[in-house]
Amino acid sequence: MGENHSEPQIRVVHQDQLDGNTPQTPGLIRKVAFDSRNPGAAHLSAFQSTVRPGAATGAHHHGDQETVLYVISGTARYRWGDKLENVAEAGPGDFVFIPAHVVHQEINASPEFETVWAVVRSGIDPIVVNLPELDEYAEPAAVDYTHP
């Protein structure tokens, strides 16, 4: 059977093909599976995020994009609000929804294990608006890492 590439194609991106060449937030490592650079991506992007043991991200938001996270491993703490005054935790198997423009911070609640989640956003462009002016409200990292 011949392949007809004029029709939409199912694509698989394997773990070793994830691409770290995307906007980053201090304390978090994003590796892209699908975004605007991929043929066929019209409405969604997807990637893997990792927060090292005891690390915390800076405050940020993703513009007009809604975000859904699925926690693969570890315990993730999320803070959000104008002064990061709200908090919730999620563990393996949990889903987290972050509305568009909501300022948030992700924290790895474990000093021993990485926290990893799969992320899907409602846009194909990698929008990350880092807000270092909110550092005074952010939960400090238990461990300080130099960002790659």
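D19 contributes a side-chain N or O that, together with a main-chain N or O of N21, makes up a donor-acceptor pair within less than 3.5 Å. Under a 3.5 Å cut-off, the side chain of T57 and the backbone N or O of E106 do form a donor-acceptor pair. A donor-acceptor pair under 3.5 Å is formed between the side chain of Q105 and the backbone N or O of E139. Judged by distance alone, the side chain of N86 and the main-chain N or O of W80 form a donor-acceptor pair under 3.5 Å. Although no hydrogens or angles enter the test, the distance criterion places no donor-acceptor pair under 3.5 Å between the side chain of S122 and the main chain of Q65.
Between the side chains of T67 and R121, a donor-acceptor pair is found at a separation under 3.5 Å.
Listed by chain and residue number, W117 satisfy the ring pair (Phe, Tyr, Trp, His ring centres under 6.0 Å) test with Y78 (two or more places apart in sequence, or in another chain). With sequence neighbours excluded, the residues forming a side-chain contact (heavy atoms from CB on, under 4.5 Å) with L18 are V13, Q15, K31, A33, Q48, listed by chain and number.
To the nearest 0.5 Å, the span separating CG on L44 from CD1 on I124 amounts to 9.5 Å. The CG atom of L134 sits 9.5 Å away from atom NE2 of H61, with the distance rounded to the nearest 0.5 Å. The distance from the CG atom of D82 to the CG atom of L131 is 10.5 Å, given to the nearest 0.5 Å.
Looking only at side-chain heavy atoms (C-beta outward), D64 and H101 come within less than 4.5 Å of each other.
Here the shortest heavy-atom pairing between G123 and S45 reads O-OG, 2.8 Å. Pairing each heavy atom of P92 with each of G74, the nearest pair is CD-O, 3.2 Å. Across all their heavy atoms, A56 and A141 have their closest contact at N-CB, 3.7 Å. The two residues S49 and R30 have their closest heavy-atom pair at OG-CG, 3.9 Å.
The one candidate from V51, T115, N108, V87 that meets the side-chain contact (heavy atoms from CB on, under 4.5 Å) condition with R77 is V87.
Counting heavy-atom neighbours within 6.0 Å of D135 CG, excluding the residue itself, gives a total above 12.
Linking Ile, Leu, Val, Met, Phe, Trp and Tyr whenever their side-chain heavy atoms come within less than 4.5 Å puts V68 and Y70 in one cluster. Hydrophobic clustering, with ILVMFWY side chains joined whenever heavy atoms are under 4.5 angstrom apart, keeps I29 apart from I107. Hydrophobic clustering keeps V103 apart from I98 (ILVMFWY residues linked when any side-chain heavy atoms are closer than 4.5 Å, directly or through intermediates). A continuous path of hydrophobic side-chain contacts links V129 to L84 [ILVMFWY only; heavy atoms under 4.5 Å]. Under a hydrophobic-cluster definition in which Ile, Leu, Val, Met, Phe, Trp and Tyr are linked whenever side-chain heavy atoms come within less than 4.5 Å, directly or via other members, L69 and V102 are assigned to the same cluster.
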Apply side chain to side chain contact (heavy atoms under 4.5 Å, CB included) to H62 and H104, showing your working. CA-CA 9 Å; H62 304 288; H104 60 282; 3.4 Å; yes
Side chain to side chain contact (heavy atoms under 4.5 Å, CB included) between S110 and T75: does it pass, once the steps are laid out? CA-CA 7 Å; S110 170; T75 301; 5.6 Å; no
